[in-house]
Amino acid sequence: MYEKAFLFNGIGSKPEKLLPQLTPEMMEKYETYKAEAFSRFGLDTDMEKNTGYNAKAVEWMVPFLCDRVVYEYFTENGITPDIGAGYSSGIVSISACFGSIKHTDAQDIVMTNRSMLRKLDEEGIKLNMGIVIGFTYDDIKELLSGKFSPDELVIGSVNSSFHVMISGKAEAVEKAIELCINEGAIKAFPMNTGTAFHHPLMKNYSVENIEICRNMEYKEPKHPLISVFSQSVLSSAEDVRKENTCNVCTPMRWDLTLKKMEELGVKEFFDISANGAIKKFSRVSKKCRIYTLEDILNGKYNG
């Protein structure tokens, strides 16, 4: 039923890792989209001149603009998806690229992060996220069980059999990372986001985000999505609305999402991030392959 899937990454990649991967033609399109988006919000196109919450917001805007450019490059060159999935804020990107929401609406969602960061600062709440490499979901669950309350720390996403994201209060994340390292993790480190995406406590600090996601106009997507929360196929406007609305404060299962797409027949996955970020933490079976922008540019895909 489905053969090709497009995968959209979240906001973890820095601009300096994304932009050098774009060709001159793609960079020209990116600059056009950047000028339009930054003008809407009164941001300086010289990103280093933005300060405070604007500085973080423009950094998080860049992956959305790059996703759009890469998506359009793929589709204009004859690679079209049968289905797709968004990792974390990649849900916003895929919703726009698949035509369920406007690209300007996606930008509005990104910019709500300014009010979220402001509210956290005003209340003196210190949050963070972390990555643990080398343990399975069951390993991590057993290791952390009884040592942290759900209010302090949750597993925000199981990315693969060896790659897990934790999320919660900064002190708890720091302690959990130290514990994992001491117990033999290959690698464990904080993401230093200042937030705890995919933790239920984020509901208290993301009111603007949730309200915008709930109330904006949605259309039926051009291609179905797979929910990273329930692994169900999303094909209606209301389905996509719910996926966006619950995104910030709901734990994900990225590993099960990829597995579900394989069960639906997907053999070819396409990483829409400019720097191949999705492929780095995702795993599919040997009968499948994940292609990156670099693969496409270098002629490694002949479909």
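Keep in mind that what you see is a predicted model, and the values were worked out from it rather than measured. Count residues from 1 along the sequence.
Asp295 CG to Lys279 NZ: the interatomic distance, rounded to the nearest 0.5 Å, is 5.0 Å. Note: Phe41 CZ to Met61 CE = 5.0 Å, rounded to the nearest 0.5 Å. Annotation: the span from Ser93 atom OG to Arg68 atom CZ amounts to 11.0 Å, rounded to 0.5 Å.
Judged purely by atom type and a 3.5 angstrom limit, Arg241 uses its side chain to pair as donor or acceptor with the backbone of Arg214. Side-chain atoms of Asn244 do not come within 3.5 Å of backbone N or O of Cys213 as any donor-acceptor pair. Under a 3.5 Å cut-off, the side chain of Asn247 and the backbone N or O of Ser88 do form a donor-acceptor pair. In this structure a side-chain-to-backbone donor-acceptor pair under 3.5 Å is present from Arg40 to Thr104. Between the side chain of Asn128 and the main chain of Thr193, a donor-acceptor pair closer than 3.5 Å is present. Under the 3.5 Å distance criterion, the side-chain polar atoms of Glu262 are matched with a main-chain donor or acceptor of Ser285. Between the side chain of Ser206 and the main chain of Val248, no donor-acceptor pair closer than 3.5 Å is present. Thr112 contributes a side-chain N or O that, together with a main-chain N or O of Ile109, makes up a donor-acceptor pair within less than 3.5 Å. Asn298 places no side-chain N or O within donor-acceptor distance of the main-chain N or O of Lys300, the cut-off being under 3.5 Å. In this structure a side-chain-to-backbone donor-acceptor pair under 3.5 Å is present from Ser100 to Lys219.
Judged as a ring-ring contact (aromatic ring centres under 6.0 Å, His included), and not counting sequence neighbours, Phe189 has no contacts.
For the pair Lys34 and Phe38, the cation-pi criterion (under 6.0 Å, within 45° of the ring axis) is fulfilled.
A perpendicular orientation is assigned to the rings of Phe74 and Phe270, their planes being inclined by more than 60° (bins at 30° and 60°). Below 30°, between 30° and 60°, or above 60°: for Tyr291 and Tyr301 the angle between ring planes is above 60°, a perpendicular geometry. Taking the six-membered ring where tryptophan is involved, the planes of Phe98 and His223 are perpendicular, since the angle between them exceeds 60° and thus also 30°.
Other residues, nucleotides and ligands place no more than 12 heavy atoms under 6.0 Å from the NZ atom of Lys187. Dense packing is recorded around CD of Glu238, with more than 12 heavy atoms of other residues, nucleotides or ligands lying under 6.0 Å away. Around NZ of Lys260, the count of heavy atoms belonging to other residues, nucleotides or ligands within 6.0 Å does not exceed 12. The environment of NZ in Lys29 is crowded: more than 12 heavy-atom neighbours from other residues, nucleotides or ligands sit within 6.0 Å. Around CD of Glu211, the count of heavy atoms belonging to other residues, nucleotides or ligands within 6.0 Å exceeds 12. Applying the 6.0 Å contact sphere to CD of Glu123 captures more than 12 heavy atoms from other residues, nucleotides or ligands. Crowding of Glu72 atom CD: a count of heavy atoms from other residues, nucleotides or ligands under 6.0 Å exceeding 12. Taking a 6.0 Å sphere around CD of Glu171, one finds it holds 12 or fewer heavy atoms contributed by other residues, nucleotides or ligands.
Taking 4.5 Å as the limit, some side-chain heavy atom of Phe8 sits within range of a side-chain heavy atom of Tyr71. Taking 4.5 Å as the limit, every side-chain heavy atom of Thr250 sits out of range of all side-chain heavy atoms of Val228. Taking 4.5 Å as the limit, some side-chain heavy atom of Ile278 sits within range of a side-chain heavy atom of Trp254. Leu127 has its side chain within reach of Met202: a pair of non-hydrogen atoms, C-beta onward, lies under 4.5 Å apart. At a threshold of 4.5 Å between non-hydrogen side-chain atoms, the residues Ser157 and His198 do not count as touching.
Looking only at atom types and distance, the side chain of Asn9 has no donor-acceptor partner in the side chain of Ser273 under 3.5 Å away. Side-chain contact of Tyr87 with Asn159: a donor-acceptor pair under 3.5 Å is present, judged by distance alone. Residues Tyr53 and Asp121 have side chains that bring a donor and an acceptor to within less than 3.5 angstrom of each other.
Of the candidates Ser95, Ser227, Ser230, Ser232, Ser227 is the only one forming a side chain to side chain donor-acceptor pair (under 3.5 Å) with Glu243. The side chain to side chain contact (heavy atoms under 4.5 Å, CB included) test with Met165 singles out one residue from Val132, Val158, Ile155, Ile131, and that residue is Ile131.
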Using the rule given for salt bridge (Lys or Arg N to Asp or Glu O under 4.0 Å), can you reason through Glu268 versus Lys4, listing the C-alpha separation, both sets of side-chain angles and the distance that settles it, and then say yes or no?
CA-CA 5 Å; Glu268 297 175 339; Lys4 295 181 177 65; 3.7 Å; yes
Steps toward side-chain hydrogen bond (donor to acceptor under 3.5 Å, both in side chains) verdict (Thr257, Gln231):
CA-CA 5 Å; Thr257 301; Gln231 287 71 58; 3.2 Å; yes
When the side chains of residues 139-146 are checked against the rest of the protein, which donor-acceptor pairs come out under 3.5 Å, sequence neighbours left out?
| residue | atom | partner | partner atom | Å |
| --- | --- | --- | --- | --- |
| Asp139 | OD2 | Thr136 | N | 3.2 |
| Asp139 | OD2 | Thr136 | OG1 | 3.1 |

